[in-house]
Amino acid sequence: MSGKLFFRGAAQVFLRNGNGPDASTERRFPRPVIENMKILIASDCYTNNTNGVTTSILALSSALRRLGHEVKILSLSDSSRSFRSGDDYFIKSFPSLYYPDLRTSLVIKDPLLDELTAWKPDVVHVHTDGSSHRMALKIRKQCGVPLVKTCHTYYEYFAFGRFSTLPPLKVLSRFVGGRLYQQADIVTVPSYKSTGFSFLEKMSDRLVVIHNGIELDKYRNRFSEEERRAFRRHMGIEDHTGTLVTITRLSREKHIHELISFLPGLLKKNRDVKYLIVGDGPDSRHLKKLTGKLNLQNNVIFTGRIPDGDVWRFYAAGDIYAADSICEVNSMSCIEAMANGLPLLCRADESLNGVLDHGQNGLIWHSREEFVDFTCRLLEDSRLRENMARSSLEKAGSFSSDAYASAMLEVYTSAIHGSQTGSPGAAP
């Protein structure tokens, strides 16, 4: 690897002895940023399976390239054929048995994997724990370079739900997490909430909190007033109708069913409200059935999957962004909504720390009653809504892809120096 070194501030490693940044012990290490790095990013989720992980990887890779680094992506194809598209390498795979939207691969050898190994990356950055993780580990070992892993998922909640805090399950989580992450030189997590996961407890001496970033310009397109009215009317939303919007994968853990169940109570106080649900997923049929059961067909709009380039239009069509999930690690849709100038209306959750400031760029609710009251308050007070919208726009600036990439470069450099000095992932 060629390139000069220069120093820029200090990254933070949060040791887990409590929840949130104030309850953690903070250690610092120097961040000499290396120029012209060769970075391999691996993820089972990529352009053929769009979600928050994909969004963060696209933002990170684009910004790293703008900063002069060479980036290649290792992922899984959506067929039984391996292929390369520019710097994106897709390895043949088949549908996962345990999660239909994901893919699995049993490939051990492939010419494309040999090509990536011959390229000799300076650092390997893994974002998921499936097949691409296994392939990336092999490349990392053959090239003798450091490994950075990012944990995007609240695995304990997905696996055990409300039982995840039971002592035997916490022990199991710590064991599995240790096995999956023990080879990483540094583990990054996108929120302070993640530092409290039992899954990552054995990694507490190498955890770095780096919030996800997005390509802000992608979400800062603006309708004219006439264009917005026309777009809303096309979906059956009148000019005066208050509109909640949620843009997400329609799966059970997102709790869209609960928001739908709140609507009858909301409509008793404000009859002119619609709920715009954008996305698709395994819970789609159930949600539509629930909507019919509650006679909400005139108040709930399902768009299905939409082209990535049109996402901003649906944010812009709403008045408030609503979210109910407590399984998020760092909600990309909330950040995107802020970039579109929407106030947030979210269920209380630690993942909102640093994202939603209650009373500033949105409101945090704890119960059905608060959700209804806060929604009415925001829809009826246009000045409050506009002030929160401005605050959201300002807040979104701190989640730019360039800031995300710069922070990650400091982690890569620290991992490289750590592996060269025999102390990977540790702060001096």
Side-chain angles (χ1 to χ4, degrees), residues 50-53 55-56 152-154 157-158 190-194 211-212 214 219 242-263 265-266 273-281 283-284 287 290-291 300-303 306 311-312 314-379 385 388-389 391-393 395-396 399:
T50 304
N51 56 24
V53 176
T55 301
S56 69
H152 291 277
T153 306
Y154 190 178
Y157 183 87
F158 274 98
S191 69
Y192 300 116
K193 173 182 178 178
S194 315
H211 286 294
N212 287 320
I214 64 171
Y219 300 96
T243 304
L244 298 169
V245 60
T246 299
I247 301 181
T248 189
R249 182 175 181 275
L250 303 188
S251 51
R252 189 72 176 174
E253 69 273 6
K254 301 296 184 179
H255 286 196
I256 305 301
H257 61 281
E258 189 168 55
L259 290 180
I260 292 174
S261 73
F262 289 171
L263 289 183
L266 174 60
V273 176
K274 292 205 173 181
Y275 183 26
L276 179 60
I277 301 174
V278 182
D280 200 1
D283 210 31
S284 177
L287 295 175
L290 175 62
T291 298
V300 179
I301 300 169
F302 292 93
T303 70
I306 60 171
V311 171
W312 71 270
F314 292 86
Y315 283 114
D319 298 300
I320 302 167
Y321 189 80
D324 189 12
S325 176
I326 59 172
C327 72
E328 302 296 335
V329 176
N330 187 213
S331 173
M332 299 298 290
S333 58
C334 283
I335 298 172
E336 292 169 2
M338 290 193 300
N340 278 275
L342 284 180
L344 306 180
L345 182 64
C346 301
R347 176 184 283 278
D349 188 66
E350 284 182 277
S351 66
L352 298 172
N353 291 347
V355 176
L356 201 174
D357 296 324
H358 182 72
Q360 297 298 313
N361 62 323
L363 296 170
I364 297 174
W365 54 272
H366 300 78
S367 65
R368 178 194 300 259
E369 292 73 26
E370 280 194 344
F371 174 83
V372 170
D373 289 346
F374 289 169
T375 302
C376 291
R377 179 180 167 193
L378 283 169
L379 291 178
R385 195 169 66 249
M388 288 187 172
S391 294
S392 279
L393 278 173
K395 187 80 172 177
F399 297 94

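Residues take their numbers from the sequence shown, with the count starting at 1. What you see is a predicted model; the values in this text were computed from it and never measured.
Judged by distance alone, with hydrogens and angles left aside, the side-chain atoms of Asn361 form a donor-acceptor pair with the main-chain N or O of Val355 at under 3.5 Å. Checking side-chain atoms of Ser56 against main-chain N and O of Val53 turns up a donor-acceptor pair under 3.5 Å. Counting only distance, with no hydrogens or angles, the side chain of Arg347 and the backbone of Ala323 share no donor-acceptor pair below 3.5 Å. The closest donor-acceptor contact from the side chain of Asp324 to the backbone of Ile256 lies at 3.5 Å or more, if one exists at all.
Partners of Glu336 under the salt bridge (Lys or Arg N to Asp or Glu O under 4.0 Å) rule, at least two apart in sequence or in another chain, do not exist in this structure. Residues satisfying the ring-ring contact (aromatic ring centres under 6.0 Å, His included) criterion with Tyr219, sequence neighbours excluded, are absent altogether. In this structure Lys254 satisfies the side chain to side chain donor-acceptor pair (under 3.5 Å) test together with Glu328, sequence neighbours excluded.
Note: Trp365 CH2 to Asp373 CG = 12.5 Å, rounded to the nearest 0.5 Å. Note: Thr248 OG1 to Asp280 CG = 11.5 Å, rounded to the nearest 0.5 Å. For the atom pair Leu345 CG and Phe371 CZ, the distance stands at 5.5 Å (nearest 0.5 Å). To the nearest 0.5 Å, atoms CG (Asn330) and CG (Asn212) are separated by 4.5 Å. Of the inter-residue distances, the one linking Phe314 atom CZ with Ile247 atom CD1 reads 8.0 Å to the nearest 0.5 angstrom. Between the CD1 atom of Ile320 and the OH atom of Tyr275 there is a distance of 11.5 Å, given to the nearest 0.5 Å.
Looking at every heavy atom in both residues, Cys376 comes nearest to Leu266 through SG-CD1, 3.7 Å. Scanning all heavy atoms of the two residues, the minimum distance from Ala389 to Gly341 falls at CB-O, 3.0 Å. Heavy atoms only, all atoms of each residue included: Val329 and Ser351 are closest at O-CB, 3.4 Å. Nearest heavy-atom pair, Leu393 versus Asn340, reported as atom, atom and distance to 0.1 Å: CD2-C, 4.4 Å. What you find for Ser261 and Arg368 is that their closest heavy atoms are O-NH1, 3.1 Å. In plain terms, the two heavy atoms of His255 and Ile326 that are nearest each other are CE1-CG1, 4.5 Å.
Within the 4.5 Å cutoff, side-chain heavy atoms of Leu344 are placed close to those of Met338. Contact of the Leu363 side chain with the Glu370 side chain is not registered, since no non-hydrogen atoms from C-beta on lie closer than 4.5 Å. Between Ser392 and Leu342, the closest side-chain pair of non-hydrogen atoms is not below 4.5 Å. Residues His257 and Leu287 have side chains in contact (heavy-atom distance under 4.5 Å, counting atoms from C-beta outward). Between Phe302 and Thr291, some side-chain heavy-atom pair lies under the 4.5 Å cut-off. Counting heavy atoms from C-beta on, the side chains of Ile277 and Leu259 never come closer than 4.5 Å. Between Ser325 and Ser331, the closest side-chain pair of non-hydrogen atoms is not below 4.5 Å. Put simply, the side chain of Val278 reaches to within 4.5 Å of the side chain of Leu276, judged on heavy atoms.
Relative orientation of the Tyr321 and Tyr315 rings is tilted, given thresholds of 30° and 60° on the angle between their planes. Ring planes of Phe374 and His358: tilted class, angle from 30 to 60°.
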For this session: Check step by step if side-chain contact (heavy atoms from CB on, under 4.5 Å) holds for Leu244 and Thr246.
Result: CA-CA 7 Å; Leu244 298 169; Thr246 299; over 6 Å; no

